[in-house]
Protein chains: 2
Amino acid sequence: MSEQRERISGELPGFEDMQQGDLKSIAEASEALGVTQRTLRFYEDKGLIQPGRVGSMRVYSRREMGRMQLILRGKRLGFSIREIGEFLSLYDHDPDQVVQAQRMLDATQERLAELRHQREAIDQTISELESIEKMSRQHLARKDK
Amino acid sequence: MSEQRERISGELPGFEDMQQGDLKSIAEASEALGVTQRTLRFYEDKGLIQPGRVGSMRVYSRREMGRMQLILRGKRLGFSIREIGEFLSLYDHDPDQVVQAQRMLDATQERLAELRHQREAIDQTISELESIEKMSRQHLARKDK
DNA sequence: CTGTGACCTGACGTATACGTCAAGCACGGT
DNA sequence: ACCGTGCTTGACGTATACGTCAGGTCACAG
């Protein structure tokens, strides 16, 4: 069951990460993150994460797990994978995160504007639906007597 | 420009609709409704409308225009084309609209529940983003001094 | 030697609501 | 006769975020 992990750990002479105890197989990673393995491979394909390899097997270090948390958070906030990819790439190539924070701020504001707009639209739709609801009830009440 | 319409009207001995003056070509209909011709053909394909034909050309009577208004309203309210199709079909085969009103009421409530749920989610997302916004500003302010 | 389990890489499928050709007919005008 | 216009019917393309095979490798258990 954990043979493969032991094999993995055993074959790591000095992996660049700090703690080898945090290394996970794709099964463990997906389990821990609550996403499917397909999702992990998909994000890798899109360049959002770059798990290490031991032979052909993917190895997820704490770094990748952290990035995944950020990615999932971004998703919850409604950013597209492409946008999230941009943030992460800025994050990587921007030591003190100035550009990154600025870009993030911009995106955040845009998204906020979208959301506030959506909220208004939803409120309008809700009241329109409520009036339709009333009318339906009246219609039914009339036919019912 | 309006030659074809005249031809159409001329060839209508006793079209079942009341007013021939309301008959529209697909171009006029799409113009009046603010949708593309493709959209009209698409809805027809899906069975939402059944414009008449003069030869092979589609003819939109007041009835179809009315249905289109309903369809567009349904869309604005967030119902899928399939759902709208169901409403319309009930509307057609249900003389005093009892079943129809009931079904509509159900769908309306479902949709309302969805929307209220969405609104909550949006509110949460908004506050989360607002906090990120603050943090980004602080980060930038620190780097700026 | 063969089975089993975990992993791998393509690559096509899904849902929605149309957009965007492509190819062709019928019409009146020049 | 030829052209431009409006209309017709397919049929494939688009975007998003994966799901779902198919087919194959690898290591170890029996």
Side-chain angles (χ1 to χ4, degrees), chain A residues 1-11 23-60 64 68 71-86 88 111 114, chain B residues 1-11 23-60 64 68 71-86 88 111 114:
Chain A
M1 176 205 201
S2 61
E3 266 91 13
Q4 304 220 342
R5 275 201 58 207
E6 290 182 359
R7 184 163 44 78
I8 290 173
S9 302
E11 288 186 19
L23 296 179
K24 295 186 201 301
S25 72
I26 194 171
E28 293 162 337
S30 77
E31 167 72 30
L33 293 165
V35 300
T36 67
Q37 304 188 9
R38 176 72 178 96
T39 299
L40 291 174
R41 298 196 183 103
F42 180 73
Y43 291 168
E44 180 180 349
D45 230 56
K46 295 290 167 182
L48 301 193
I49 50 179
Q50 298 117 54
R53 297 282 180 140
V54 171
S56 65
M57 288 174 59
R58 292 170 174 80
V59 177
Y60 296 83
E64 310 306 321
M68 277 302 300
I71 293 167
L72 296 177
R73 184 166 195 219
K75 282 212 57 184
R76 283 203 314 276
L77 296 175
F79 294 102
S80 72
I81 284 190
R82 213 175 45 73
E83 287 176 301
I84 296 173
E86 288 172 27
L88 287 175
R111 185 80 186 115
E114 274 178 40
Chain B
M1 176 209 212
S2 64
E3 265 91 14
Q4 303 219 343
R5 274 201 60 205
E6 290 182 3
R7 184 162 45 79
I8 290 173
S9 301
E11 289 187 15
L23 296 181
K24 295 187 199 304
S25 71
I26 194 171
E28 293 162 337
S30 77
E31 167 73 30
L33 294 165
V35 300
T36 67
Q37 303 186 11
R38 176 71 178 97
T39 299
L40 290 173
R41 297 197 183 101
F42 180 73
Y43 290 168
E44 179 180 349
D45 231 54
K46 296 290 166 181
L48 300 193
I49 50 179
Q50 298 117 54
R53 298 282 181 140
V54 170
S56 65
M57 288 173 58
R58 290 170 175 80
V59 177
Y60 295 83
E64 310 306 321
M68 276 303 299
I71 293 167
L72 295 178
R73 183 164 195 223
K75 282 212 58 183
R76 283 203 315 276
L77 296 176
F79 294 102
S80 73
I81 285 190
R82 213 175 44 75
E83 286 176 303
I84 295 173
E86 286 172 28
L88 287 174
R111 183 83 186 113
E114 272 177 42

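Computed from a prediction, not measured in an experiment: that's the story for all the values here. Throughout, protein chains are lettered first and strands after them, A, B, ... in sequence-line order, and every chain is numbered starting at 1.
- Remark: B/Y43 engages no residue in a ring pair (Phe, Tyr, Trp, His ring centres under 6.0 Å) (not counting sequence neighbours).
- The OH atom of B/Y60 sits 7 Å away from the P atom of D/dT8 (whole-angstrom rounding).
- Contacts of A/R73 classified as side chain to side chain donor-acceptor pair (under 3.5 Å), with partners at least two apart in sequence or in another chain: B/E128.
- In terms of phosphate contacts, A/S25 brings a side-chain nitrogen or oxygen within less than 4.0 Å of OP1 or OP2 of C/dC7.
- The nucleotide whose nearest atom lies closest to any side-chain atom of A/S80 is, among D/dT8, D/dA17, C/dC7, D/dA17.
- Atom pair B/I71:CD1 and C/dA17:P shows a separation of 12 Å (rounding to whole Å applied).
- As a whole-Å value, the separation of B/I49 CD1 from C/dC18 C1' is 14 Å.
- For A/R82 and D/dT14, the CZ to P distance is 16 Å, given to the nearest whole Å.
- The structure places NZ of A/K46 at 13.0 Å from CD1 of A/I71, a figure rounded to the nearest 0.5 Å.
- Under the side chain to side chain contact (heavy atoms under 4.5 Å, CB included) criterion, B/E44 pairs with B/I49, B/P51, B/R53, B/R58, B/Y60, not counting sequence neighbours.
- One atom, CD1 of A/I26, and another, C1' of C/dT9, lie 12 Å apart when rounded to the nearest Å.
- Side-chain contact check for B/L40 versus B/M68: some heavy-atom pair is nearer than 4.5 Å.
- Residues B/I84 and B/K75 are in side-chain contact: their nearest non-hydrogen atoms beyond the backbone lie under 4.5 Å apart.
- Computed from coordinates, the A/F79 CZ to D/dA17 P distance equals 13 Å when rounded to whole Å.
- Spacing between atom CZ of B/R76 and atom P of C/dA17 amounts to 16 Å, rounded to whole angstrom units.
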Report each atom pair, protein N/O against N/O of nucleotides 22-24 of chain C, whose distance is under 3.5 angstrom.
none

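- Atoms CG and NZ, on B/L33 and B/K24 in that order, are 8.5 Å from each other to the nearest 0.5 Å.
- Between C/dA17, D/dC7, D/dA17, one nucleotide has an atom nearer to the side chain of A/I81 than all others, and that is D/dA17.
- When rounded to the nearest whole Å, the span between CD of B/E31 and C1' of D/dC7 equals 17 Å.
- Partners of A/Q37 by side chain to side chain contact (heavy atoms under 4.5 Å, CB included), not counting sequence neighbours, listed by chain and number: A/I26, A/A27, A/S30, A/R41.
- Contact check of residues 32-40 of chain A against DNA chain C (heavy atom, cut-off under 4.0 Å) returns A/Q37, A/R38.
- Recorded end-axis angle for the helix from C/dC1-D/dG30 to C/dT30-D/dA1 stands at 50°, based on five pairs per end and rounded to 10 degrees.
- B/E86 is linked by a side chain to side chain contact (heavy atoms under 4.5 Å, CB included) to B/R82, B/R103, counting only residues two or more places apart in sequence or in another chain.
- Counting heavy-atom neighbours within 6.0 Å of B/Q50 CD, excluding the residue itself, gives a total above 12.
- Partners of B/T39 according to the side chain to side chain donor-acceptor pair (under 3.5 Å) rule, which considers only residues two or more places apart in sequence or in another chain, are B/T36.
- Dense packing is recorded around CD of B/E114, with more than 12 heavy atoms of other residues, nucleotides or ligands lying under 6.0 Å away.
- Proximity of A/K75 to the phosphate of D/dC18: a side-chain N or O atom is located under 4.0 Å from OP1 or OP2.
- Applying the side chain to side chain donor-acceptor pair (under 3.5 Å) criterion to B/R38, with sequence neighbours excluded, gives no partner residue.
- A heavy atom closer than 4.0 Å to some atom of DNA chain D occurs in A/F42, A/Y43, these being the qualifying members of residues 41-48 of chain A.
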